Amino acid sequence: MDKIKIEIGNNQIWVSVDETCDVQGRCVANVIVGILKPDYVGHSFLLHSEELTKTNHNTICKVFNKAMTILWPGDIMYNNVLLFLSDAAPYMIKAGSVLKNLYTKMIHTTCSAHALHRIAEEIRGQFNTVDELISNMKKIFRKAPYRIALFKSIAQGIRLPPEPILTCWGTWLEAAIYYYENFQIICSVINALDENDADSIKKVKLCLLKPGLENNLAYIKSNFQVLTMAIVKLQTKNLSLADSLTVIQEVKSKFQSLKGTQGKAVLLKLQKVFEKNEGLKMLEKISNILEGKDEISDMSQFPDDYFCNDFVYFKYAPTTSVDVERSFSSYKTLLSDNRRAFIFENLRKHLIIQCNNEELNFSNTSLAYGDCYNKIWLFSQEIAYRIDSDKEFQIIEELNERNSEDKESDSSRSVTLKNEEQYNSDIESAEIEELLNMINAKA
């Protein structure tokens with residue numbers, strides 16, 4: 001934890017908070033903190049994890065403040081918190097509103113990838129037959145070695161039907177696209193199965209007979225594949241604010257051309273989702289200013305104590321809460337069947353170490369190499385000083401010899417100096433090479 005505090009220091013930061021329910025029924029909230037840098041992507045860390053007695057805006061605010069107290073134990077730097085990321089749950093919206101009274105420079109925005117997933121959920125609701133096909137198909141091949149072998153013999157070179165998870169962003173749409181691309185082969189596999197073996201087989205066969213199924217799959221593939229691609233792009237690490245907003249704008253532009261009852265319903269959902277996200281609108285204005293597309297005409301639309309020099313820290317600001325979602329994935333992996341006896345305090349410590357190990361190792365490696373190169377530079381300066389001293393001593397010796405003998409020629413003196421310089425230069429190269437070998441061996 002001390003390393004995290006040193007790494008963050010007095011930098012401007014963004015904060016992401018989310019909660020989940022684990023297999024033992026505990027409500028767990030994680031707090032991710034990232035550094036905002038004007039010229040490159042800063043590191044992010046899992047700062048705090050806490051078990052909640054209940055989930056509401058009060059507990060979220062307490063977890064947020066506790067995390068800031070851990071980061072800055074002496075005096076919380078309220079003006080250094082510039083961005084708060086969460087999902088669009090009502091209690092998170094209320095928590096953001098309350099926290100802005102303390103963190104007056106903070107902009108609260110909801111996760112853009114989560115917003116696109118909500119639109120994908122609307123698409124699923126508009127195509128009931130496709131949804132029924134997908135939900136029953138994943139049951140057919142679950143724990144059924146004979147059916148899997150039959151599938152592989154008929155559909156050679158094609159992967160098994162996907163098993164989408166409704167809470168996993170965009171997986172339902174990916175499954176729908178899979179069935180469009182392999183529709184005829186899937187029909188052949190299903191027709192080869194006995195409908196009396198399982199109720200799911202019977203339901204799938206009935207779905208395949210319904211008119212319009214293939215047309216609906218084609219409509220989804222043609223109009224909504226951009227949504228799955230956008231969700232994947234937004235989850236990419238080290239994405240700049242301008243790039244993230246470009247991805248969102250591409251989805252909005254594509255959906256403007258939607259036709260039909262289902263298409264208009266999806267478009268309406270998109271408009272409602274992004275209309276409520278006031279924080280994202282502020283980020284769009286800041287991005288336009290940084291890209292030179294807009295000028296600051298009215299600062300009243302930003303928090304009261306905002307200044308122009310605060311905008312530069314948003315160049316690589318995130319628009320998604322994927323980091324905190326990844327921390328929950330690590331948490332669920334850590335809480336395996338043989339670790340259920342873990343008390344939460346120990347589980348929390350293991351989680352923080354696991355999630356921050358990569359970032360801290362990267363930082364330490366950078367510092368170590370920096371120290372090594374500083375040592376090389378100082379060592380080279382010392383060698384140069386020694387060489388200069390040796391040269392001065394050699395000149396004095398030569399002058400003494402000339403005074404005593406008065407026979408040495410100018411050419412012989414020049415040759416002596418050059419030989420001595422070459423000898424000292426060889427010493428310098430050998431010592432530097434030896435030091436570099438020692439550094440590489442330690443690294």
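Just so it is clear, the model here is predicted, and its values are computed rather than measured.
Within the structure, ring pair (Phe, Tyr, Trp, His ring centres under 6.0 Å) contacts touching residues 5-38 (residues at least two apart or in different chains) do not occur. The stretch residues 316-331 participates, sequence neighbours left out, in these salt bridge (Lys or Arg N to Asp or Glu O under 4.0 Å) pairs: Asp323-Arg326. For the ring pair (Phe, Tyr, Trp, His ring centres under 6.0 Å) condition, no pair includes a residue of residues 226-248, sequence neighbours left out. Within the structure, the ring pair (Phe, Tyr, Trp, His ring centres under 6.0 Å) test picks out no pair touching residues 312-332 (sequence neighbours left out). For the salt bridge (Lys or Arg N to Asp or Glu O under 4.0 Å) condition, no pair includes a residue of residues 182-196, sequence neighbours left out. Under the salt bridge (Lys or Arg N to Asp or Glu O under 4.0 Å) criterion, the residue pairs touching residues 49-71 are Glu50-Lys66, with sequence neighbours excluded. Applying the salt bridge (Lys or Arg N to Asp or Glu O under 4.0 Å) definition to pairs two or more places apart or across chains, none involves residues 150-159.
Every residue was checked against the side chain to side chain contact (heavy atoms under 4.5 Å, CB included) condition with Leu206, not counting sequence neighbours, and none meets it. Qualifying side chain to side chain contact (heavy atoms under 4.5 Å, CB included) partners for Lys139, counting only residues two or more places apart in sequence or in other chains: Asn136, Ser200. For the side chain to side chain contact (heavy atoms under 4.5 Å, CB included) test, residues two or more places apart in sequence or in another chain that qualify with Leu102 are Asn65, Tyr78.
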Mind listing the side-chain donor-acceptor pairs of residues 81-101 below 3.5 Å, one per line with the distance, residues two or more places apart or on another chain?
from   : atom 1 : to     : atom 2 : distance (Å)
Ser86  : OG     : His108 : NE2    : 2.8
Asp87  : OD1    : Ala89  : N      : 3.1
Tyr91  : OH     : Glu19  : OE2    : 2.7
Asn101 : ND2    : Val98  : O      : 3.3

Going by atom type alone, with no hydrogens or angles, which donor-acceptor pairs under 3.5 Å involve a side-chain atom of residues 246-266 and a protein atom two or more places apart or on another chain?
from   : atom 1 : to     : atom 2 : distance (Å)
Thr246 : OG1    : Ala242 : O      : 2.7
Ser253 : OG     : Gln249 : O      : 3.0
Ser257 : OG     : Lys254 : O      : 2.8

